Amino acid sequence: MQRWLATTAKRLLHRCNNLPQKAKPRTHLPSSSFYHRWARASSTAIKRNPNDAIELFDKMVNSRPYPSIISFTKLLTSLVKLKRYDVVISLSKKMETLGIRNDLYTFNVLINCFCSCYQVSLALSLLGKMLKLGFEPDKVTLGSLVNGFCLKNRVSEAVSFVKKMVEFGYGVDIVAYNTIIDSMCKSKRADEALSFFNGLEREGVSVRPNVVTYTSLVKGLCNVGRWSDAARLLSDMIKREISPNVVTYSALVDAFVKNGKVLEAKELYEEMIRMSIEPDIVTYSSLINGLCMQDRVDEASEMFGLMVRRGCFPDVVSYNTLINGFCKAKRVEDGMRLFREMSQRGLVSSTVTYNTLIQGFFEAGDVDMAQEVFSQMDSPDIWTYNIMLGGLCDNGEVEKALVMFEDLQKSEMELDIVTYTTIIHGMCKAGKVEEAWGLFCSLSVEGVKPDVVAYSTMLSGLCSKGLHCEIDALYLKMQGDGLVLNGRKLCLRDGDITVSAEVIKELLTRATSEGCEKAVSLL
DNA sequence: TTAGGGTTAG
């Protein structure tokens with residue numbers, strides 16, 4: 001079916017090669033007040049430090065007469081781009097106190113901010129306020145609110161909100177519908193997205209689906225393996241003269257790659273070039289990833305070179321894809337070479353890059369290099385620490401891991417169950433089972449709930465030393481935590497069979513190899 | 001103001 005989709009896609013895409021392209025609307029230069037220009041000029045500085053925006057704001061509110069609301073909007077928008085929603089909200093409160101009135105645009109910016117920081121109810125009350133003041137919400141207002149609902153996984157509320165707004169006679173643009181469809185697709189509910197889409201068509205809603213609508217749906221359907229539906233939609237799209245673009249193609253390339261169909265993905269790539277749709281950094285990264293996933297890291301490396309030759313310059317994600325490929329292929333040195341190269345090119349490595357490399361060095365047994373890379377990090381996250389702790393324990397450095405763990409406990413970093421399980425595992429391996437048990441018992445004090453893997457790890461440790469009393473106590477805890485005994489099977493109440501099967505396997509292994517009667521009697 | 005790419009532990 002995937003092969004068929006690839007062929008269908010090629011045929012259909014070829015057919016639409018000569019579809020008329022819509023002309024890009026002309027963009028107008030913004031109006032020019034002094035503060036407006038100032039805000040624009042300082043946007044680079046703001047990028048480095050949002051405090052500059054606050055300083056500028058102070059100057060603006062201290063001048064008389066106040067700069068126009070457009071200047072304030074520009075300033076707030078630059079902060080929105082930095083995702084500093086909190087700052088925007090607090091500045092807008094100041095504006096309110098000073099009697100600087102909102103216009104539709106600032107209302108939209110604010111509603112967008114509340115929605116982006118998951119405060120839909122506040123955004124809704126702002127909507128109420130603007131309605132009272134006689135402002136008509138526009139497509140942007142409604143689109144933001146729909147996005148707010150979807151961000152909180154309240155898609156059904158988004159749907160009924162849109163319905164209401166349509167009933168009230170407000171114009172809802174395709175953008176809002178696209179947000180809903182994409183949100184359904186992202187949470188793997190492509191079925192729901194498809195029937196919502198079909199519903200729109202049936203009910204004759206006055207919006208026309210566009211390339212974004214179709215791209216979301218095609219990707220969503222591929223993700224859940226609904227290849228024939230994806231192909232049908234693609235053909236629909238083309239019949240309606242909606243041209244697939246580089247994003248549509250990239251989505252397809254990525255879907256093929258994720259299903260191990262690198263050959264088909266490459267065919268689509270070649271098709272793109274024939275059709276003069278220039279593959280971009282995302283297309284290449286997917287292809288590189290696909291080759292790495294098939295242990296074809298040298299070919300991935302060639303693809304990386306090809307990308308540069310075609311004038312498409314790798315970013316952090318493309319570098320990281322290839323670095324990860326090298327690490328998986330046990331060629332961490334090559335990964336390190338790329339890491340240095342990307343720094344030389346002025347790209348700032350992300351935590352992901354560091355985590356990947358640290359993991360790679362530990363897997364290669366090179367503790368020193370892992371530590372060296374770790375020491376270069378500005379802001380390690382909990383994943384970094386878990387990788388560090390696990391890596392140290394696996395490489396016979398339990399003591400070092402314990403020191404790091406103690407420091408972590410004193411720090412601000414919020415430890416999760418994986419951190420604890422890693423160190424418990426390390427302790428047990430080093431024969432410090434009693435100490436591990438003490439830590440395990442303190443989890444409730446720390447407010448961390450043990451999961452199946454944590455129980456299984458602790459149980460293994462206790463079994464290895466035959467600590468019967470503790471095993472009894474652990475068993476009681478398991479019952480209390482929702483792990484119940486059911487005949488010969490341990491089941492989770494939420495029915496996660498895969499994980500519970502792991503526990504059973506582990507228990508049986510322990511019970512058989514180490515002859516712990518208690519473990520057997522638990523089953 | 002909507003759609004596409006990377007890592008991830010016990």
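Computed from a prediction, not measured in an experiment: that's the story for all the values here. In what follows, chains carry the letters A, B, and so on, assigned in the order in which the sequence lines appear, proteins first and then strands, with residues in each chain numbered from 1.
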Residues of [range] with any non-hydrogen atom less than 4.0 angstrom from an atom of DNA chain B: list those, numerically ordered, please.
| range | value |
| --- | --- |
| residues 306-321 of chain A | A:D315, A:V316, A:V317, A:S318, A:N320, A:T321 |
| residues 208-217 of chain A | A:V212, A:T215, A:S216 |
| residues 181-192 of chain A | A:D182, A:K186 |

Of all the choices, [options], which nucleotide is nearest to the side chain of [X] once you look at every atom?
| X | options | value |
| --- | --- | --- |
| A:N355 | B:dT8, B:dT1, B:dG10 | B:dT8 |
| A:V175 | B:dT2, B:dG4, B:dG6 | B:dT2 |
| A:S250 | B:dG5, B:dG10, B:dG4 | B:dG4 |
| A:N178 | B:dT2, B:dG6, B:dA9 | B:dT2 |

Considering just the side-chain nitrogens and oxygens of [X], establish if one lies under 4.0 Å of OP1 or OP2 belonging to [N].
| X | N | answer |
| --- | --- | --- |
| A:K81 | B:dT1 | no |
| A:K219 | B:dT2 | no |
| A:N112 | B:dT1 | yes |

Would you classify [X] as touching base, sugar-phosphate or nothing, given that sugar-phosphate means primed atoms plus P, OP1 and OP2, and contacts are heavy atoms under 4.0 Å?
| X | value |
| --- | --- |
| A:K328 | sugar-phosphate |
| A:N108 | nothing |
| A:T351 | nothing |
| A:I180 | nothing |
| A:V218 | nothing |

Next item on the list: Decide side chain to side chain donor-acceptor pair (under 3.5 Å) for A:N210 and A:N178; before the verdict, give the C-alpha distance in whole Å, the side-chain angles of both, and the deciding distance to 0.1 Å.
Entry: CA-CA 9 Å; A:N210 61 15; A:N178 285 350; 3.2 Å; yes
Next item on the list: Search all heavy atoms of A:C441 against all heavy atoms of A:S444 and return the closest pair with its distance.
Entry: O-OG, 3.8 Å
Check: NZ of A:K429 versus P of B:dA9: gap in Å, rounded?
Finding: 16 Å
Check: How many Å lie between CG on A:L322 and C1' on B:dT7, as a whole number?
Finding: 14 Å
Next item on the list: Quick one: sort the A:F405 and A:Y420 rings into parallel, tilted or perpendicular, breaks at 30° and 60°.
Entry: perpendicular
Next item on the list: Tell whether A:D280 reaches the base of B:dG5 with its side chain through a donor-acceptor pair below 3.5 angstrom.
Entry: no
Margin query: For B:dG5, does the base pair up with any side-chain atom of A:S285 as donor and acceptor (N or O, under 3.5 Å, distance only)?
Written below: yes
Margin query: Walk me through whether A:T248 and A:T215 qualify under side chain to side chain donor-acceptor pair (under 3.5 Å).
Written below: CA-CA 5 Å; A:T248 322; A:T215 304; 3.1 Å; yes
Next item on the list: Assess the pair A:Y269 and A:Y284: is the distance between their ring centroids shorter than 6.0 Å?
Entry: yes
Check: Under 6.0 Å between the ring centres of A:F197 and A:Y177?
Finding: no
Next item on the list: Indicate yes or no for a side-chain donor-acceptor contact from A:T356 to the backbone of A:V352 under 3.5 Å, with no hydrogens or angles considered.
Entry: yes
